[in-house]
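Counting convention: from 1, in listed order, for ligands and their atoms alike. Every heavy atom of this structure was used, including side-chain atoms; hydrogens, water molecules and symmetry mates were not.
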Amino acid sequence: MEPVKVENITVAYHRKPVLQDISFTVPEGKLIGIIGPNGAGKSTLIKAILGLIPKASGEVSIYGKSYSKQRKLVGYVPQRGSVDWDFPTNALDVVLMGRYGHIGWFKRPGKKDVQFALSCLEKVGMKDYADRQISQLSGGQQQRVFLARALAQDATVYFMDEPFVGVDAATEKAIISLLNELKNQGKTVLVVHHDLQTVKEYFDEVLLLNMRMIAIGPTDEVFTIENLQKTYGGRLAFLDQGNAMIGQN
Ligand code: ADP
């Protein structure tokens, strides 16, 4: 059964449609890049799938059932910029939030949960920062803490919104190897990504989006100049054979 099935999703903000009739399914155990220009509706698509914003129409299923029934199977890493990092809390508490789906909101996390959260921090190289206020972490460290929280969710399907934004090369490497580790455990990871140069290297499959679905499928087949042109239009510049990047305008 498909980890994610989206049928005819349409989303509008203030009556202006930003996603039109999006349908796709994703295969299990793959890293999938969601690619498209700024304003294409990539974040909106994830938020609509997770029920964070209302859909004008359409259905989503996670392993054959509605998201609300499968919530525990789903992990989410929002854009780092969408969070108030001045909120007074430390790295460990942020990661423990990932456990609430398992603990229940009104119970205190037990020793096991704390141990698990610490092991997640360790996985992203942040164990030594467990007690650190999140406002005092660098952008890359904040992103690592977000990933640790997603690991703490112990999900089967992950949605990550631009996890590589504002991180240094070392953190980017650490993140991609973590994503591959999740994939090797049979998990499905969908990642909003904007660096066209690394798409072929990072992702098994790509979903090209610009308000409408342009294409989805194995990267080798779908990540073509022709499809990129359909996705980015005039904003695309070509460097040499097979290499494309987003131009100035
Ligand atoms: P992407 O992630 O591909 O850059 P978004 O999903 O953030 O695109 O945005 C898609 C479109 O929806 C853009 O035109 C954006 O301005 C608009 N939009 C996003 N969030 C809101 C909101 N909360 N209210 C109104 N318009 C929004």
Asks: Should Lys187 and Glu181 count as an ion pair when the cut-off is N to O under 4.0 Å?
Replies: no
Asks: Are Ser43 and Gln79 linked by a side-chain donor-acceptor pair shorter than 3.5 Å?
Replies: yes
Asks: Side chains of Ser177 and Asn180: do they bring a donor and an acceptor to under 3.5 Å?
Replies: no
Asks: Can you pull the residues with any heavy atom under 4.0 Å from ligand 1?
Replies: Tyr13, His14, Lys16, Val18, Pro37, Asn38, Gly39, Ala40, Gly41, Lys42, Ser43, Thr44
Asks: Can we say Lys72 and Asp154 salt-bridge, meaning some charged N sits less than 4.0 Å from an Asp/Glu carboxylate O?
Replies: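 Asp154 and Lys72: not salt-bridged.
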Asks: Under 30°, 30 to 60°, or over 60°: which ring-plane class applies to Trp85 and Phe146, parallel, tilted or perpendicular?
Replies: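 The rings of Trp85 and Phe146 sit tilted, inter-plane angle from 30° to 60°.
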Asks: Are side-chain N/O atoms of Tyr202 and Gln197 paired as donor and acceptor at under 3.5 Å?
Replies: no
